[in-house]
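When a ligand or atom number is given, it counts from 1 through the structure's own listing order.
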Amino acid sequence: MNTRYETLAKRAAAFGQEHVLRFYDSLSDDSKRRLLDQIEAIDFPAFAALADGAKRNAAVAGRIAPIEAIDATAYDAREKERLTEKGWELLRQGKVAAFVVAGGQGSRLGHEGPKGTFRIGLPSGKSLFQLQAERLLNLSGRAGRTIPWYVMTSADNDAETSRFFQSSGYFGYAPDDIRMVKQQSLPAIDEAGRMLLAARDEIGFAPSGNGDAFASLKRSGALADMKRRGIEWVFYYNVDNALIRIADPLFVGAAAHYGNPIATKAAYKTHPEEKVGVLCLKDGRPAVLEYSEVPERLLYEKDAAGRLVYGLGNLSIHLFRLDFIERHAERDIAYHAAHKKIKTVDGRGEPFTPDAPNGCKLETFIFDYFPLAERMTVLSFRREEEFAPVKNKEGEDSPRTACRLVLDLHRKWLAEAGAGPQPPDGRDIEISPLVSYAGEGLTPDVVKSLLERVPSCDGEGESG
Ligand code: UTP
C-alpha cells in the first residue's frame with residue numbers, strides 16, 4: 001500500500017499535482033484506496049499537455065470575414081413546401097436522428113439534477129426532456145417512423161438521467177430507440193493549473209465539453225448504431241433550449257438540398273453586446289467566434305441594410321451529415337479553459353462553494369469542428385420561434401424568460417388559428433407538442449378545447 005502511495009505521490013508531484021494527496025493521512029483506508037485509484041487512472045503527461053494547450057489556445061488569431069447566410073424566413077411558399085417535403089421524405093425513410101448534448105453541469109442554473117429534468121414553470125409542469133420527447137413523438141407519428149434519440153450524458157448525471165427516462169416511461173418512446181451516450185470527464189483545475197479536489201478523498205472531475213459529442217458517439221457504439229439504422233443526418237442541439245424544433249423538417253430538407261456536411265440554424269443577435277457566439281469565416285473556413293473574441297471594431301459593424309455584419313448568433317442547432325461525424329470522430333480538437341465556479345474544499349478540507357469563478361474546466365466545443373468542413377449551410381430563422389435558452393437562475397436566459405417565450409409563441413399560433421385576441425381572461429394557454437409541433441393542426445375544435453383549459457404560467461422554475 002505504502003509503495004503504491006509513494007509511486008503515485010511521486011507521479012503526481014512530477015506534474016506539480018502533489019497537493020491532491022494533502023489530506024491523505026487523515027483518510028480512512030477505503031478513502032485512501034479510492035483516491036489512489038483515481039490518481040492511478042489519470043494520464044498525467046496527456047493531461048498536462050492538454051491543459052497547456054488550453055491555456056495557449058485562449059486567443060487563436062485568424063482572418064475574420066462574414067459568412068453568407070440564407071434567410072429561411074424569406075423562402076416563398078413553394079420553396080418552403082418543397083424543402084419541407086424533402087425533410088419529411090428523409091424522416092419517413094428513417095434517415096434522421098436526434099442528438100441532445102446534456103452532459104453539462106448547468107452550474108449557472110443551479111438545479112440539482114440533470115438540466116433536462118428541469119421544469120421551466122409551464123402550466124403543464126413539463127420538463128425540458130418531456131417537451132423534447134413530445135416534439136419527437138409528434139414528428140415520428142406523422143412520419144410513420146420513430147426518430148431515434150441519442151442523449152449525451154456525463155459521469156455527473158448519467159445514472160440520474162437514465163433513471164428519469166425510466167421513471168417517465170421513456171415518454172412513450174420504445175426504450176430501444178433512446179440511447180444514452182456517456183461523455184468523458186477531466187480534472188478541473190485552478191488558475192495555476194493545479195487539480196481541484198472535490199472532497200478530501202476525491203479529485204474533482206468535470207465533463208469535457210460538448211465537443212466530446214462525436215468521440216462519445218464513436219466510443220459508445222452509438223455511431224455504429226446510427227450507421228446500422230441508415231441514419232444520414234444527425235440533428236444536434238442543447239438540452240436547455242425550451243423552443244427547440246427538433247429535427248425540423250424544413251431544416252432537414254434545406255440541409256439535404258444544399259448538401260454541405262454541416263447546416264446550422266442561426267438568428268440575428270438582439271444587440272451587439274449579446275453574449276452569444278457568432279458565425280463567421282476564419283481564414284476562409286466556417287467558424288464561430290465566442291462573444292469575448294469578437295474584436296470591438298467588428299462588434300458594431302453594420303451592412304448597408306443596417307444589419308450587424310457579425311450578428312449571426314450561434315444557437316447550437318446543427319445538422320451534421322453522418323459521414324462527416326464518422327470522418328472526424330477521432331480527430332483531436334482544441335481544448336479551451338472555461339472559467340467557472342467549481343465546488344471544491346478549503347484549506348481544512350471542508351466543502352467550499354465559490355461565489356466567483358475559481359478555476360477552469362477543460363472543454364472542447366462542437367463548433368471547433370466547423371472549420372473541418374469546407375462549406376457550411378447557414379440558415380437564419382426567427383429567433384422567437386426557435387430559441388429559449390435556460391442558462392441562468394434569474395434574469396436573462398432564465399426559466400422565467402424561456403417560459404414566457406414558449407407561451408408567447410403559443411399565443412401567436414392561437415391567434416393565427418383564429419382564436420381571437422389572447423389571452424382570454426389574462427390566461428396563458430400552453431399547447432402540448434403532441435397537439436402541435438410548430439403551430440399546425442390547430443383546428444377550431446382543437447382551439448376550443450385548448451381555450452377551455454385553466455392554469456397560467458407561474459413564471460417560477462421548479463425542480464422536477
Ligand atoms: P453550456 O455551455 O451552457 O454549459 O452547455 P452547461 O454546463 O450546461 O452550463 P453552465 O455553463 O455550467 O451553467 C451548452 C450545452 O452543452 C452541453 C450542455 O449540457 C448544454 O446542452 N454540454 C456542456 C455537454 O453536453 N457536455 C459538457 O461537457 C458541457
* Measure the distances from the heavy atoms of Ala102 to every atom of ligand 1 and state whether one is below 4.0 angstrom. => yes

* Structure fact -> Judged by heavy atoms only, the candidate from Ser154, Gly211, Gly106, Pro114 nearest atom 6 (P) of ligand 1 is Gly106

* Crowding at CD, Glu68 (>12 non-hydrogen neighbours, <6.0 Å) -> no

* Structure fact -> Note: ligand 1 atoms sitting under 4.0 Å from heavy atoms of Pro207 are 28 (O)

* Asked: Hey, does Leu109 come in under 3.5 Å of ligand 1, counting only N/O atoms on both sides?
  -> no

* To do: Could you tell me whether the side chains of Arg404 and Thr401 share a donor-acceptor contact shorter than 3.5 Å?
  => no

* To do: Run down the list Lys393, Lys340, Gln105 and name the one with the heavy atom closest to atom 4 (O) of ligand 1.
  => Lys340

Contacts table for residues 349-362: side-chain donor-acceptor under 3.5 angstrom, sequence neighbours left out:
from, atom 1, to, atom 2, distance (Å)
Asn358, OD1, Ile342, N, 2.7
Asn358, ND2, Ile342, O, 2.9
Lys361, NZ, Gln105, OE1, 2.2

* Going by the order shown, which atoms of ligand 1 are within less than 4.0 Å of some heavy atom of Gly103? -> 19 (O), 24 (C), 25 (O), 26 (N)

* To do: Could you tell me whether Phe165 and Phe129 have their ring centroids closer than 6.0 angstrom?
  => yes

* Asked: Would one find an N or O of Met152, backbone or side chain, under 3.5 Å from an N or O of ligand 1?
  -> no

* salt bridge (charged side-chain N to carboxylate O under 4.0 Å, His left out) partners of Glu274, counting only residues at least two apart -> Arg383

* Asked: When rounded to the nearest 0.5 angstrom, what is the spacing between CG in Leu131 and CD1 in Ile246?
  -> 9.0 Å

* **Name of the residue among Gln132, Arg245, His318, Lys265 meeting side-chain hydrogen bond (donor to acceptor under 3.5 Å, both in side chains) with Tyr237** => Gln132

* Please name the residue in the list His111, Gln130, Arg163 that meets the side-chain hydrogen bond (donor to acceptor under 3.5 Å, both in side chains) test with Thr117. => His111

* **cation_pi(Arg11, Phe44) dist<6.0 Å, angle<=45** => no

* At what distance is the nearest protein heavy atom to atom 22 (N) of ligand 1, and which residue and atom is it? -> Gly104 N, 3.5 Å

* Atom indices of ligand 1, in the order listed, that fall short of 4.0 Å to a heavy atom of Lys391 -> 1 (P), 3 (O), 14 (C)

* Determine whether the side chain, the backbone, both or neither of Ser208 has a heavy atom under 4.0 Å from any heavy atom of ligand 1. => backbone

* Asked: So between Val101, Asn157, Ile366, whose heavy atom ends up nearest atom 21 (O) of ligand 1?
  -> Val101

* Any N or O on Asn210 sitting closer than 3.5 Å to an N or O of ligand 1? -> yes

* Which ligand 1 atoms, with their elements, are less than 4.0 angstrom from a heavy-atom of Lys115? -> 8 (O)

